[in-house]
Protein chains: 2
Amino acid sequence: MAKTIPSTTMIQEHLKSLGLTKYESLVYIALLQVDGATATEIHEISGVPRASVYPVLDKLSKKQLVNVTTTSPKRFAATPPDEAIDSLIARITQDSTAVKHELTTIYEERTSMNHAERQEMIWNIHGSENIGSRAVDLIRSAESSVAILSVTTVLSLPIQKIISSLGPGINVEIATAGTSARDDIPPNAQELKIGMVPHPENILGEKQPPCIIIVDRQRVMAFVSDDAEIPSALYSESPGFVNLFTGYWGFVKGHVSLP
Amino acid sequence: MAKTIPSTTMIQEHLKSLGLTKYESLVYIALLQVDGATATEIHEISGVPRASVYPVLDKLSKKQLVNVTTTSPKRFAATPPDEAIDSLIARITQDSTAVKHELTTIYEERTSMNHAERQEMIWNIHGSENIGSRAVDLIRSAESSVAILSVTTVLSLPIQKIISSLGPGINVEIATAGTSARDDIPPNAQELKIGMVPHPENILGEKQPPCIIIVDRQRVMAFVSDDAEIPSALYSESPGFVNLFTGYWGFVKGHVSLP
DNA sequence: CCCCTGTTGTTGTAGTTGTAACAACATTTA
DNA sequence: TAAATGTTGTTACAACTACAACAACAGGGG
């Protein structure tokens with residue numbers, strides 16, 4: 001019965017991540033369409049079994065998503081979506097800041113002591129989303145220098161943004177193919193146009209044009225694009241691993257075509 | 001085994017509202033304490049069955065809460081709590097703004113047509129949290145006047161704040177007992193000190209000192225403190241209901257003790 | 001009386017939780 | 001070298017919980 005202009009199932013998915021169950025979503029959506037209804041009316045509109053409507057309305061009422069009358073039979077109305085969702089998010093962010101403090105307590109307690117094991121490891125990151133956010137975090141942590149080898153890969157918008165926001169004391173270099181005009185190089189970065197690409201696929205054994213980020217000559221992130229369908233990247237603070245890429249970077253700089 | 005400085009179960013509750021299961025919470029908390037561990041080590045620290053550790057780590061990895069090495073055996077490390085939780089919230093708020101648009105589409109579609117039924121209803125609101133947030137919303141919606149009868153009840157901080165932020169064209173009056181100094185009256189509100197309280201408990205049949213909010217002489221919210229342990233309030237746009245309270249308000253103003 | 005409201009209890013189902021077993025590999029021991 | 005031992009990663013499956021769906025029933029008003 002329910003009209004599905006913006007796909008009801010899609011909305012349910014999103015509301016689930018805000019802590020609502022399928023029925024809670026259906027009932028709330030139904031109430032948005034009718035401006036006050038009794039339990040049976042809600043049942044008819046939403047398709048939710050009538051008996052299940054009552055406990056669901058209870059929970060929605062506690063979450064401040066619906067209002068109730070004292071009349072008999074009771075009538076229910078949805079609170080406006082803006083207000084309702086803000087209320088949900090408020091509770092979530094409230095919990096999140098609380099738990100953030102609790103977790104950082106545990107975390108800080110350890111990081112104050114250990115500081116040696118981790119840096120010899122090579123970590124890998126799956127999924128383009130994760131790779132993107134980790135890259136941004138990595139660049140943000142820069143204290144002296146950022147070197148990016150981005151021959152043909154175009155820098156994503158968040159990365160351009162975080163580079164632009166770096167302090168003037170940080171030296172940013174970006175190596176590109178230099179054959180075509182690029183508009184993804186932030187103004188505070190120095191573009192190194194490499195006339196001839198030194199066939200990085202032979203070095204890494206990869207087909208895809210690689211992208212490497214070296215920060216402070218101490219931390220490296222390299223995209224390896226895992227052959228499989230899911231993209232993948234490596235990250236390490238291991239001196240040996242870092243040296244490999246700083247060396248490669250020096251080699252690349254030797255091929256800069258001066259203007 | 002796990003150290004519980006800020007109560008592990010409490011953290012689990014909070015992480016659950018961010019979309020993590022019990023196991024996911026336990027594994028993540030365990031990883032925060034050790035700076036890189038193998039699956040079996042994680043099993044030992046967290047208490048989660050070893051076989052269950054692997055799928056859980058998969059999910060955590062997809063949510064960008066842990067990093068993985070390519071070594072054998074695989075090693076896992078937690079991403080710092082700050083970063084991790086921000087990442088979780090980012091996804092939630094992203095979903096929320098999306099769903100907000102979808103829902104307001106449905107909502108606006110109706111509110112443009114119907115505009116009559118709802119205002120005869122008397123709604124009630126349960127729980128002090130809900131009452132507070134609804135009161136703030138109500139006051140924010142004021143276009144010409146706000147009248148608050150708050151004889152002994154002290155205005156909450158959010159309410160003071162929203163009153164202060166009202167435009168100068170809106171007339172704000174607050175009736176108080178006037179016997180003791182009150183520091184909860186915002187500067188843009190006019191305080192009406194009522195020398196003698198006209199025994200509102202007789203009118204409403206309540207023991208508790210009542211608090212009434214009248215906005216634009218069209219919308220009323222009244223606290224009725226439901227006898228039961230859970231506080232309760234009424235809200236209505238019904239003319240009859242509103243008249244009752246505007247009349248009462250006029251009666252109260254007759255008792256203002258002029259300075 | 002019948003119809004509707006609101007409540008209770010039962011059953012089915014999906015996802016989480018927990019146990020057990022297995023192949024692959026490395027290390028140790030005889 | 002061959003057997004014994006231990007670890008890793010995977011799979012299968014039982015137990016449990018929360019949600020979903022339905023049937024039944026007491027009260028209430030026409």
Side-chain angles (χ1 to χ4, degrees), chain A residues 1-2 8-9 11-13 15-31 34 36-63 65-77 121 124 126 228, chain B residues 1-2 8-9 11-31 34 36-63 65-77 121 124 126:
Chain A
M1 302 298 176
T8 309
T9 53
I11 301 181
Q12 279 177 39
E13 280 304 311
L15 283 178
K16 197 184 294 177
S17 76
L18 291 175
L20 298 199
T21 67
K22 185 180 166 187
Y23 277 7
E24 290 170 346
S25 305
L26 286 173
V27 167
Y28 180 68
I29 293 172
L31 277 174
V34 291
T38 65
T40 26
E41 287 168 349
I42 293 171
H43 149 64
E44 287 162 358
I45 300 169
S46 65
V48 172
R50 195 179 60 86
S52 304
V53 164
Y54 294 96
V56 166
L57 282 169
D58 265 2
K59 284 195 285 183
L60 287 177
S61 171
K62 284 197 187 101
K63 292 176 184 170
L65 295 186
V66 302
N67 295 320
V68 196
T69 66
T70 47
T71 62
S72 177
K74 292 177 184 170
R75 294 190 75 81
F76 303 86
M121 309 263 69
N124 71 11
H126 300 288
Chain B
M1 304 296 179
T8 308
T9 54
I11 300 180
Q12 279 178 39
E13 281 303 311
H14 288 162
L15 284 178
K16 198 184 295 178
S17 76
L18 290 176
L20 297 200
T21 68
K22 185 179 165 189
Y23 277 6
E24 291 170 346
S25 305
L26 286 174
V27 167
Y28 181 68
I29 294 172
L31 275 175
V34 290
T38 67
T40 34
E41 287 168 348
I42 293 170
H43 150 64
E44 287 162 357
I45 299 169
S46 64
V48 172
R50 194 176 65 86
S52 303
V53 165
Y54 294 96
V56 166
L57 282 169
D58 264 2
K59 286 197 284 183
L60 288 177
S61 172
K62 286 198 186 99
K63 292 177 184 169
L65 295 186
V66 302
N67 295 320
V68 196
T69 66
T70 46
T71 62
S72 174
K74 292 178 186 170
R75 296 190 73 82
F76 303 86
M121 308 263 72
N124 69 10
H126 301 286

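If you're wondering where the values come from, they're calculated on a predicted model, not measured in any experiment.
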Pull out every protein N or O sitting under 3.5 Å from an N or O of nucleotides 11-16 of chain C, one pair per line with the distance.
none

Whole-Å distance between D/dC19 P and A/L57 CG? 15 Å
Restricting to side chain to side chain donor-acceptor pair (under 3.5 Å), what partner residues turn up for B/T38, sequence neighbours left out? B/T40
Results of salt bridge (Lys or Arg N to Asp or Glu O under 4.0 Å) for B/K62 - residues two or more places apart only: none
side-chain contact (heavy atoms from CB on, under 4.5 Å) filter on B/H14, not counting sequence neighbours, yields A/D95, A/A98, A/V99, A/E102, B/M10
Set of residues satisfying side chain to side chain donor-acceptor pair (under 3.5 Å) with respect to A/K59, sequence neighbours excluded: A/E24
Output a table of nitrogen or oxygen pairs between the protein and nucleotides 8-10 of chain C separated by less than 3.5 Å.
none

According to side-chain contact (heavy atoms from CB on, under 4.5 Å), who are the partners of A/P55, at least two apart in sequence or on a separate chain? none
Using the side chain to side chain donor-acceptor pair (under 3.5 Å) criterion, which residues pair with B/T69? Sequence neighbours excluded. B/T71
So which protein N/O to nucleotides 1-6 of chain C N/O distances come out below 3.5 Å?
from  : atom 1 : to    : atom 2 : distance (Å)
C/dT5 : OP1    : A/T40 : OG1    : 3.0
C/dT5 : OP2    : A/T40 : OG1    : 2.6
C/dG6 : OP1    : A/K74 : N      : 2.7
C/dG6 : N7     : A/R50 : NH1    : 2.8
C/dG6 : O6     : A/R50 : NH2    : 3.0

With sequence neighbours left out, what residues match B/K22 under salt bridge (Lys or Arg N to Asp or Glu O under 4.0 Å)? none
Side-chain (B/K63) to main-chain (B/L20) donor-acceptor, under 3.5 angstrom: no
How close or far is atom P of D/dG9 from atom CG of B/D58, stated in whole angstroms? 12 Å
B/K74 meets the side-chain contact (heavy atoms from CB on, under 4.5 Å) criterion, sequence neighbours left out, with B/V68, B/F76
Residues in side chain to side chain donor-acceptor pair (under 3.5 Å) with A/S61, at least two apart? none
Report the distance from atom CD of B/E44 to atom P of D/dG6, rounded to the nearest whole Å. 15 Å
